[in-house]
Amino acid sequence: MTVGPPSTASTSTKRVAKPSTVVRVTASVVVLIVVALLTPVALVASWVRVQLVDEDSLVATLAPLSSDPAVQDLVIAETTSAISASVDFSAIAGAGVDGLVALGVPQEAARVLGLVAQPSADSLRSITQQAVTDVVHSDRFSDVWSGVVRTAHRAFVFGATSDGGGIIVQTPDGLGVQIGGVVSAIVAELDLQGSPVAALVPPIDRVVVLGDGTTLQAVRSAYAAATTAGVAAPLLVGVLLVGGVVVASRRRRALIGAGIAVAVGSAAVLVAVAVGAAQAHRTAVLRGFDAAGIDAVVRQLSSGLVGTANTVLGIGLVAGIAGVLLVRRARPRRMSEPRPTLE
């Protein structure tokens, strides 16, 4: 029997099906590319919302830092520096010597007292540093630290949602962070312990300059975006992820693409965190801060983001591997199906 030319209906059906398949494949690819691009946004936005918008979450995240030796050293150094910049220990020691001289002590004694003025000032600095160190190393410092973090978060919210102050402030020298709250909390603890150092320290309004003012606008924009994107972005990525697989003509292969998209987006977040941590370390070194303390703060603050990104990365890899296994499993089945024969 001879085989005639294919019917017009059959040819027409093939011509209609092929463009439809191309459209579905293209749509699936485009959607999954968007998923790869939005996955980092969704991860960061949800982390920002949880850690920076939710006060209790931020306190729980940063609470362990109160017992970190590097962070304690950083707090001691910055607090002592802030107190030394506000208290003239030499003037205090000199005033004490002048008071004794005014009592009419012999000239030789007055000369000796003059020689001990500077050592007395140095002793006052040493006593102050030791008092601060004792507070930071005490068991009560965890409560002091949690209170400071909670106060700082509220100030941050104020600074991020208004043009006022807050812990993040704009100064003529650039963007800065208020550390007066930390000093005040430690001085209050010194006062509770009956330390005479507390009476020497006036109210301190010190700002540690971190960079230029463009960062402040970025902080405020990020905070505003986090309040909405922290919920909307993950939902959007989830919908697009499912849609990218459903719309595809070959869903097993689309599952591979979905896994790759999610894995790539998560890996991008991990790389960005590593780069940001390295930049924070370099900035700390250039500014003369305790780099180990800054590293510990950045590491602890980003731990939630890193953990979530690693989890999503693992899910993406599992989805991709599952798609590969499904594709391989389907191939023998197609090969075993009987092919139509022409009679």
Side-chain angles (χ1 to χ4, degrees), residues 29-54 57-58 61-62 64-65 68 70-71 160 168 175 210-212 214-226 228-241 244-245 254-287 289-324:
V29 170
V30 171
V31 169
L32 293 180
I33 290 176
V34 173
V35 167
L37 295 175
L38 288 182
T39 295
V41 177
L43 289 172
V44 173
S46 60
W47 168 76
V48 170
R49 182 177 179 82
V50 171
Q51 295 294 341
L52 298 185
V53 177
D54 188 334
S57 295
L58 181 64
T61 297
L62 296 183
L65 290 175
D68 189 300
V71 175
I168 298 179
L175 180 69
L210 298 179
D212 57 42
T214 57
T215 310
L216 180 58
Q217 186 57 43
V219 169
R220 290 173 177 167
S221 299
Y223 183 91
T228 53
V231 175
L235 291 177
L236 178 60
V237 169
V239 170
L240 291 176
L241 193 61
V245 175
L255 182 60
I256 300 175
I260 293 175
V262 171
V264 169
S266 303
V269 171
L270 295 175
V271 171
V273 170
V275 172
Q279 182 61 40
H281 180 88
R282 286 194 294 270
T283 302
V285 173
L286 292 175
R287 298 285 181 179
F289 300 146
D290 183 352
I294 296 297
D295 291 343
V297 172
V298 172
R299 184 170 55 252
Q300 185 66 27
L301 186 59
S302 61
S303 60
L305 177 60
V306 171
T308 303
N310 279 323
T311 299
V312 176
L313 175 62
I315 293 173
L317 294 177
V318 170
I321 294 172
V324 171

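Since the model is a prediction, treat every value here as computed from it, not as a measurement. The first residue in the sequence is number 1, and the count goes up from there. Just so it is clear, the values below take in all heavy atoms, side chains as well, and ignore hydrogens, waters and symmetry mates.
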* Asked: Who passes side chain to side chain donor-acceptor pair (under 3.5 Å) against Asp68, sequence neighbours left out?
  -> none

* To do: Can you sort out the partners of Ala263 under side chain to side chain contact (heavy atoms under 4.5 Å, CB included), two or more places apart, ordered by chain and number?
  => Leu313, Leu317

* Structure fact -> For Val71 and Gly293 the tightest heavy-atom approach is CG2-O, 3.9 Å

* Please identify each residue that fulfils side chain to side chain contact (heavy atoms under 4.5 Å, CB included) with Val285, with sequence neighbours left out. => His281, Ala291

* **Shortest non-hydrogen contact from Ala42 toward Val237** => CB-CG2, 3.8 Å

* To do: Look up atom CD1 in Ile321 and atom CD1 in Ile256, then write down how far apart they are to the nearest 0.5 Å.
  => 10.5 Å

* Considering all heavy atoms, the nearest Ala309-Ser266 contact -> O-CB, 3.5 Å

* Looking at Leu301 and Thr61, what are the two nearest heavy atoms and their distance? -> CA-CG2, 4.2 Å

* To do: With sequence neighbours left out, write down each residue that passes side chain to side chain contact (heavy atoms under 4.5 Å, CB included) with Ala274, or none if nothing qualifies.
  => none

* Hey, could you give me the CG/CG distance between Leu270 and Leu43, rounded to the nearest 0.5 Å? => 8.5 Å

* Asked: Below 4.5 Å, heavy atoms only, C-beta onward: do Ile315 and Val262 meet side chain to side chain?
  -> no

* Asked: For residues 299-321, which residue pairs qualify under side-chain hydrogen bond (donor to acceptor under 3.5 Å, both in side chains), counting only residues two or more places apart or in two chains?
  -> none

* Asked: Which distance, rounded to the nearest 0.5 Å, do you find between the OG1 of Thr39 and the CG of Leu240?
  -> 9.5 Å

* Structure fact -> For Pro234 and Ser46 the tightest heavy-atom approach is CG-CB, 4.1 Å

* Asked: How far apart are the closest heavy atoms of Gly244 and Leu32, and which atoms are they?
  -> CA-CD2, 4.2 Å

* Structure fact -> Across all chains, not counting sequence neighbours, the side chain to side chain contact (heavy atoms under 4.5 Å, CB included) partners of Ile294 are Leu74, Ala280, Ala284, Phe289, Val298

